[in-house]
Amino acid sequence: MIDIREIKERREEIKKNIENRFMNVDLDRIIALYDQRSAMLKEIEALRAKRNENAAKMKGKLEKEERDALIEEGKKMKSELAEKEAAFNEVDLLFSSLAKTIPNYASKDAPIGKEDKDNLAIKFYGEPKHFTFKAKDHVALGEDLDILDFDSGAKVAGQKFYYIKNKGVILQMALERYAMDIVLKHGFTPFITPDIAKEEILSGIGFNPRGEESNIYTIEGTGTCLVGTAEITLGGYYSNMILDKKDLPIKMTGLSHCFRREAGGAGQYSKGLYRVHQFSKLEMFIYCLPEESDAFHKEILSIEEEIFSGLGLAYRVVDTATGDLGAPAYRKFDIEAWMPGRGEDGEYGEVTSTSNCTDYQARSLNIRYRDDDGKVKFVHMLNGTAVALSRAIVAIMENYQNEDGSITIPPSLVPYTGFDRIEKLK
RNA sequence: GGAGACGUAUCGAAGUGGUCGUAACGAGCUUGACUCGAAAUCAAGUUGUCCGCAAGGGCACGGGGGUUCGAAUCCCCCCGUCUCCGCCA
């Protein structure tokens, strides 16, 4: 969440930001609740001070009458306090639930716009691949080569689940290790994280585990959820801690399964592996000083580019429009790789995403560091995809397909796969 | 999953209803003294947070409730750690 103490001084700025993000948050109501809450809290604290004073008078030996009078006085304050606290709790609960919905300040450099069409392409790399023959999409290729099996996935687990088979399995493992090696070279500490996290961690990161539109699977009766990304488990790692300034930046990379409900996500653009309920992903995560976060955001993006250019894929980099930013994000860059099987004659499809969430998540998760002046301050937190295996496989299969339906393995992956081609069995 | 023990500051740990949350004691860390320097010794300082210009006050002893004029301390629920048993890759 944002710093709630700034809610009045930065009122106009916050309003403008909500507007730019095309969100529906009633700031005036939140501010009214804030004032109400403050006034009530002040009253309660004054009353508590009186109660403590009263109790302190009873520490020593006292005449019975004197003591009885004090106890009587205490009883009165107790019931008054209970009443006021109950009223306060009600207001406080409403206030904090609404306050959490205020989005992070967006970067001044983020393009203003309503939806993904307004995202700004800031870089193009490589030549989009076109074939002399009619290109297939990864679904057709995968079924012909017997490396992807969507029908069995649907039968056993349901729609949008899949099996990876044969050399497809080795391809995924190779990609995973290829990306890991690049990320490690940049000084990240590797993790394999839980695939489950508590709801409080989810919401601290900015995911809403409840409700119709939630993309999260909750595990009934446990207070936990299946994670949609290792951003959640890496970001929760230091929750409620004060970090040593000398330990920053902390650079982590985590491999996890990712589960997403994707309710309503259907159609041509969500076909096959592109949008699924379960996939694996290697995620990068950085905790750093506030003044460093812009630079680290660019570093994450450049590592992502290193991974995808290394695979010989054409891509573009997109600067996400304010209306398409998640609430915690201050700025977000996506890499969209060229996918020849997408649309009529190939299109770009998102393969990575990196967000600078500044101190927004750190406030909710209470992650701080001690600065040189002795004060504790909130860290900045950034996340970025190293490789989402399923989508990278889509891009590789479609770009490296041959006319006979076989797939050439990108040269940089061959040391990891141990083969340079996937062709029909038999 | 069952039974028991435990959860207090950076760590160990005392406290079992008011004098104990700038929390005994021990260690660590920081600063200073002593020293040629270090060790040892001595001294001082070492939780976070909220309201407030300040003075001052509120809150927090794993988390949440409750009892009480007053809770680290008594009761209930939850979480975590350890030990034993069960189960198991």
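Throughout, protein chains are lettered first and strands after them, A, B, ... in sequence-line order, and every chain is numbered starting at 1. Reckoned from all heavy atoms, side chains included, excluding hydrogens, waters and symmetry mates.
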Sort me out a list of protein N/O and nucleotides 62-69 of chain B N/O pairs below 3.5 Å, or just none if empty.
unit_1	atom_1	unit_2	atom_2	d
B/rC69	O4'	A/Ile71	O	3.4

Only pairs with both distances under 3.5 Å count, Watson-Crick or wobble alike; so what is the partner of [N] in this structure?
N      : result
B/rA55 : none
B/rG17 : none
B/rG4  : B/rC82
B/rA72 : none
B/rG32 : B/rC42

(request) Check side chain to side chain contact (heavy atoms under 4.5 Å, CB included) between A/Glu19 and all other residues, then give those that pass, not counting sequence neighbours. (result)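 With sequence neighbours excluded, A/Glu19 shows a side chain to side chain contact (heavy atoms under 4.5 Å, CB included) to A/Lys16, given in chain and number order.
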(request) Just jot down the side chain to side chain contact (heavy atoms under 4.5 Å, CB included) partners of A/Glu305, sequence neighbours excluded, or say none. (result)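 Testing A/Glu305 for side chain to side chain contact (heavy atoms under 4.5 Å, CB included), a comparison that skips the adjacent residues, returns A/Lys123, A/Leu301, A/Tyr315, A/Val317, A/Ile335.
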[X] has an atom [atom1]; how far is it from atom [atom2] of [N], in whole Å?
X        : N      : atom1 : atom2 : answer
A/Ile201 : B/rC79 : CD1   : P     : 16 Å
A/Glu85  : B/rG58 : CD    : C1'   : 11 Å
A/Asn240 : B/rG80 : CG    : P     : 16 Å
A/Met40  : B/rG58 : CE    : C1'   : 16 Å
A/Glu53  : B/rU19 : CD    : P     : 16 Å

(message) One character per nucleotide, please: for nucleotides 47-54 of chain B, 5' to 3', B when the base has a protein heavy atom closer than 4.0 Å, S when only the sugar-phosphate does, - otherwise.
(response) -SSSS---
Is the shortest side-chain N to carboxylate O distance from [X] to [Y] below 4.0 Å?
X        : Y        : answer
A/Lys136 : A/Asp144 : yes
A/Asp334 : A/Lys332 : yes
A/Asp359 : A/Arg368 : no
A/Lys281 : A/Glu283 : yes

Nearest-angstrom distance, [atom1] atom, [N] to [M]:
N      : M      : atom1 : answer
B/rA9  : B/rU41 : P     : 26 Å
B/rU49 : B/rU35 : C1'   : 43 Å
B/rG63 : B/rA54 : C1'   : 35 Å
B/rC87 : B/rG18 : C1'   : 50 Å
B/rC77 : B/rA44 : C1'   : 45 Å
B/rA60 : B/rA55 : C1'   : 24 Å
B/rU8  : B/rA14 : C1'   : 10 Å
B/rC75 : B/rU16 : P     : 15 Å

Report all side-chain donor-acceptor pairs from residues 39-47 of chain A shorter than 3.5 Å, counting only partners two or more places apart or in another chain.
unit_1	atom_1	unit_2	atom_2	d
A/Glu43	OE2	A/Lys84	NZ	2.8

(message) Just to verify, what does A/Thr322 make a side-chain hydrogen bond (donor to acceptor under 3.5 Å, both in side chains) with, not counting sequence neighbours?
(response)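 Partners of A/Thr322 by the side-chain hydrogen bond (donor to acceptor under 3.5 Å, both in side chains) criterion come out as none, since no residue qualifies.
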(request) Fit a plane to each ring of A/Tyr217 and A/His277, take the angle between them on a 0 to 90° scale, and name the class: parallel (under 30°), tilted (30 to 60°) or perpendicular (over 60°). (result)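 The arrangement is perpendicular - the two ring planes meet at more than 60°.
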(message) Is there a side-chain contact between A/Asn52 and the phosphate of B/rG58, meaning an N or O under 4.0 Å from OP1 or OP2?
(response)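 A/Asn52 to B/rG58 OP1/OP2: side-chain N or O found under 4.0 Å.
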(message) Less than 6.0 angstrom from the centroid, inside 45 degrees of the normal: does A/Arg10 satisfy that with respect to the ring of A/Tyr105?
(response)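 Positive - A/Arg10 is close enough to the ring of A/Tyr105 and near enough to its axis.
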